[in-house]
Amino acid sequence: MTSRFVLFIPEPFPESALRVLDDRFDVRHGRAGAAFSEDELIENLANADGIAIYSRDRLTERVLKNAPRLRVIAKGGSKPTSNVDLSAAERLDIRVIWTPGANAVSVAEMTLALILSAVRRLPELSARLRTGDWRSFEMLCPEVAGLTLGLVGFGAIGREVAKRYRSFGGPLLAYDPAFDQAAADQLGVRPATLDQLFRQADIISLHCEMNATTANLVSRDRLATVKRGALLINTARGGLVDEVAVIEALDSGQLSAACLDVFADEPLRADSPLLRHPRVLATPHISAFTHAAIHRESAWALEDAARVLQGLNPLHFSA
């Protein structure tokens with residue numbers, strides 16, 4: 001009998017996603033909660049042919065060097081720049097794949113929800129109602145229709161955000177090193193440099209990957225160039241933002257509000273200044289946390305991992 005492929009899944013994947021695998025795969029499950037240590041990962045990968053992950057567990061060079069059979073790392077969601085040593089994987093001939101576009105609709109919906117919540121001051125005004133305040137002219141706020149949205153990143157998620165923002169009628173700018181002009185023309189998006197985008201946009205929304213070039217992209221110097229009262233949205237990666245500089249910009253009025261779903265260190269500490277700031281709307285990294293997105297991320301990752309182990313090309317990933 002031909003031996004089965006061993007696939008280790010450190011974090012729980014939905015049962016519906018696991019159904020893409022058949023009896024050619026011996027699936028070894030991990031645990032919910034705390035991430036595995038390096039030693040625990042090495043132990044679990046000792047005879048594994050593949051691993052399917054989200055963002056929790058870190059596959060360092062030491063882990064990968066001690067996984068002699070490992071041939072594929074499949075991540076549900078975006079490129080694993082923060083939790084996989086991609087250079088080590090390449091040197092060790094371990095294929096790394098992820099699921100572009102699987103969560104694009106969910107993250108785009110969350111982005112629009114954050115924009116509307118911040119522009120219309122919903123958390124603040126709901127809290128004030130609970131203290132007895134009622135409608136007054138002091139509660140007036142802008143219409144979203146008059147605000148320019150700047151998208152830092154114009155990939156699958158950025159395009160889905162643009163598609164939805166168009167319905168409000170506001171102007172759209174986007175920056176991306178690999179700018180898709182055809183998609184921009186279709187969606188009514190104007191290309192911009194990063195400097196132009198930060199100077200001209202009323203709302204700045206981040207949809208780019210985290211790497212050495214984009215770390216602390218939203219810096220103190222860059223925030224000094226934005227329109228006074230601009231709104232910052234980050235549903236991408238926490239390391240894109242200098243969080244201390246954001247608090248300073250909020251305190252000075254340079255930013256009117258910041259909606260942050262991701263943070264430099266996660267989970268966010270309960271004593272974080274971001275949680276205490278009245279003009280920060282913070283959520284626990286849930287932009288892609290919908291039933292549909294989690295199913296697609298998980299099922300696509302597992303399906304493509306299975307195909308790679310069988311010598312086939314992935315269906316959902318190309319790079």
Side-chain angles (χ1 to χ4, degrees), residues 103-152 157 160-172 201-207 218 223 226-238 240-241 243-294:
N103 61 19
V105 169
S106 294
V107 177
E109 289 180 350
M110 179 71 165
T111 300
L112 268 293
L114 292 172
I115 289 171
L116 288 168
S117 294
V119 171
R120 299 303 299 265
R121 299 164 56 191
L122 299 185
E124 172 202 347
L125 298 182
S126 178
R128 287 175 59 170
L129 178 61
R130 287 179 171 83
T131 66
D133 279 2
W134 190 246
R135 185 181 68 183
S136 69
F137 281 105
E138 190 272 330
M139 296 178 179
L140 288 172
C141 53
E143 285 187 340
V144 173
L147 302 178
T148 298
L149 173 61
L151 302 168
V152 181
I157 294 172
E160 290 292 340
V161 173
K163 186 186 303 181
R164 286 155 179 76
Y165 195 77
R166 283 183 72 192
S167 66
F168 293 106
L172 280 154
D202 299 292
I203 305 166
I204 298 161
S205 190
L206 307 181
H207 302 288
V218 182
L223 286 169
V226 304
K227 285 184 177 181
R228 189 163 180 81
L231 166 64
L232 176 67
I233 310 282
N234 189 10
T235 57
R237 286 291 180 265
L240 298 170
V241 170
E243 293 171 351
V244 173
V246 166
I247 290 175
E248 292 172 356
L250 289 166
D251 288 341
S252 71
Q254 188 72 359
L255 288 178
S256 63
C259 301
L260 308 175
D261 185 50
V262 288
F263 306 92
D265 295 310
E266 296 185 353
L268 188 64
R269 301 188 325 272
D271 63 350
S272 169
L274 293 168
L275 290 178
R276 296 196 299 270
H277 202 287
R279 285 183 286 121
V280 172
L281 174 53
T283 51
H285 203 149
I286 55 165
S287 291
F289 243 54
T290 64
H291 295 296
I294 292 299

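Contact of the Val152 side chain with the His207 side chain is not registered, since no non-hydrogen atoms from C-beta on lie closer than 4.5 Å. Counting heavy atoms from C-beta on, the side chains of Leu232 and Val246 come closer than 4.5 Å. In this structure, Leu231 and Leu255 have side chains that are not in contact, with every pair of non-hydrogen atoms separated by 4.5 Å or more. Considering only heavy atoms from C-beta on, Phe168 comes within 4.5 Å of Leu116 through its side chain. Leu275 has its side chain out of reach of Val280: every pair of non-hydrogen atoms, C-beta onward, lies at least 4.5 Å apart. Looking at Leu149 and Ser205, their side chains come closer than 4.5 Å, going by heavy atoms from C-beta outward. Using a 4.5 Å heavy-atom threshold, the side chains of Arg279 and Glu124 count as separate.
Under a cut-off of 6.0 angstrom, the local environment of CZ in Arg228 is crowded, with over 12 non-hydrogen atoms contributed by other residues, nucleotides or ligands. Under a cut-off of 6.0 angstrom, the local environment of CZ in Phe289 is sparse, with at most 12 non-hydrogen atoms contributed by other residues, nucleotides or ligands. No more than 12 heavy atoms of other residues, nucleotides or ligands shown are found within 6.0 angstrom of CD on Glu143. For Asp265, the CG atom is loosely surrounded, since the number of other residues' heavy atoms within 6.0 Å does not exceed 12.
Residues Tyr165 and Val144 share a closest heavy-atom pair of OH-O, 3.2 Å. When all heavy atoms are compared, the tightest approach of Arg276 to Asp271 is NH1-O, 2.7 Å. The two residues Gln254 and Val226 have their closest heavy-atom pair at NE2-O, 2.9 Å. Contact record, Ala118 with Cys259: CB-SG, 3.6 Å, taken as the closest heavy-atom pair. Residues Ala249 and Leu223 approach most closely at CB-CD1, 4.1 Å, considering heavy atoms.
Under the 3.5 Å distance criterion, the side-chain polar atoms of Glu243 are left unmatched by any main-chain donor or acceptor of Leu274. Looking only at distances, no side-chain donor or acceptor of Asp202 sits under 3.5 Å from a matching main-chain atom of Ala230.
Atom CG of residue Leu125 and atom SG of residue Cys141 lie 7.0 Å apart, to the nearest 0.5 angstrom. The distance from the CD1 atom of Ile247 to the NE2 atom of His277 is 6.5 Å, given to the nearest 0.5 Å. Of the inter-residue distances, the one linking Arg164 atom CZ with Thr111 atom OG1 reads 10.0 Å to the nearest 0.5 angstrom. Separation of atoms CE (Met110) and OG (Ser117) is listed at 8.5 Å; rounding is to 0.5 Å. Rounded to the nearest 0.5 Å, atoms CG (Leu281) and CD1 (Ile115) are 12.0 Å apart. Leu206 contributes atom CG, which lies 9.0 Å from atom CD1 of Ile233 (distance to the nearest 0.5 angstrom).
Thr283 and His285 share no donor-acceptor pair across their side chains, judged by distance under 3.5 Å alone. The closest side-chain donor-acceptor pair between Asp261 and Thr235, if any, does not fall under 3.5 angstrom. Defined by atom type and a distance below 3.5 Å, a donor-acceptor pair is present between the side-chain atoms of Ser106 and Thr290.
Taking 4.0 Å as the cut-off between side-chain N and carboxylate O, Arg121 and Glu138 count as a salt-bridged pair.
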Could you walk me through whether Val161 and Leu112 pass side chain to side chain contact (heavy atoms under 4.5 Å, CB included), step by step? CA-CA 7 Å; Val161 173; Leu112 268 293; 3.9 Å; yes
